[in-house]
Amino acid sequence: MNAYAPILVLGALGAGFAIFSVFMAAIIGPKRYNRAKLEAYECGIEPTPHPAGGGRFPIKYYLTAMLFIVFDIEIVFLYPWAVTFDALGLFGLVEMLLFVLTVFVAYAYVWRRGGLEWD
């Protein structure tokens with residue numbers, strides 16, 4: 001338990017600072033509300049009206065999210081491989097090349113189908 005004490009203390013300090021900052025900002029921060037501040041902000045673009053029950057999002061949002069997850073998972077597998085590269089030898093290199101090739105084929109397919117273009 002002694003080995004984890006500094007990590008726990010650091011986590012507690014970080015959480016305490018975050019909670020304290022949010023609490024103090026709510027108490028002493030300026031409260032000048034106007035119509036512009038209360039409106040939705042969409043990256044400088046005029047907000048588009050949505051139906052009352054919500055609206056449908058274009059499928060490209062979901063495709064982009066799935067692509068992000070695929071490449072995120074690729075990185076999760078690349079880090080341990082890079083750490084143990086010497087121990088794995090040629091077998092590890094061939095397996096990782098096959099894995100990266102598979103991901104690259106999926107990337108090329110999505111690129112070819114226009115999944116990376118925003119219209």
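Quantities reported herein were computed from a predicted structural model and do not represent experimental measurements. We count residues from 1, following the sequence as given. Atoms considered below: every heavy atom in the structure, side chains included; atoms not considered: hydrogens, waters and symmetry mates.
Following chains of ILVMFWY side-chain contacts shorter than 4.5 Å, one can reach L98 starting from M96, so the two form part of one hydrophobic cluster. V105 and F68 fall into different hydrophobic clusters, where Ile, Leu, Val, Met, Phe, Trp and Tyr side chains are chained together by heavy-atom contacts under 4.5 Å. Residues V110 and I75 fall within the same hydrophobic cluster, defined by Ile, Leu, Val, Met, Phe, Trp and Tyr side chains chained together at heavy-atom separations under 4.5 Å. Linking Ile, Leu, Val, Met, Phe, Trp and Tyr whenever their side-chain heavy atoms come within less than 4.5 Å leaves L67 and V76 in two separate clusters. Both I69 and F71 belong to a common hydrophobic cluster when Ile, Leu, Val, Met, Phe, Trp and Tyr are linked at side-chain heavy-atom distances under 4.5 angstrom.
With sequence neighbours left out, L93 forms a side-chain contact (heavy atoms from CB on, under 4.5 Å) with W81, F85, L90, L97.
Counting Ile, Leu, Val, Met, Phe, Trp and Tyr side chains that sit under 4.5 Å apart, directly or through other members, L10 stands alone, with no cluster partners. By the 4.5 Å side-chain criterion applied to Ile, Leu, Val, Met, Phe, Trp and Tyr, F23 is assigned to a cluster that also includes F20, M24, I27, I28.
Here the straight-line distance linking atom OG1 of T102 with atom CD of E74 works out to 10.0 Å at 0.5 Å rounding. Taking OH of Y79 as the start and OG1 of T84 as the end, the distance is 14.5 Å to the nearest 0.5 Å.
The two atoms that bring P6 and A3 nearest to each other are CD-O, 3.6 Å, heavy atoms only.
The environment of F104 atom CZ is sparse: at most 12 non-hydrogen atoms of other residues, nucleotides or ligands sit within 6.0 angstrom.
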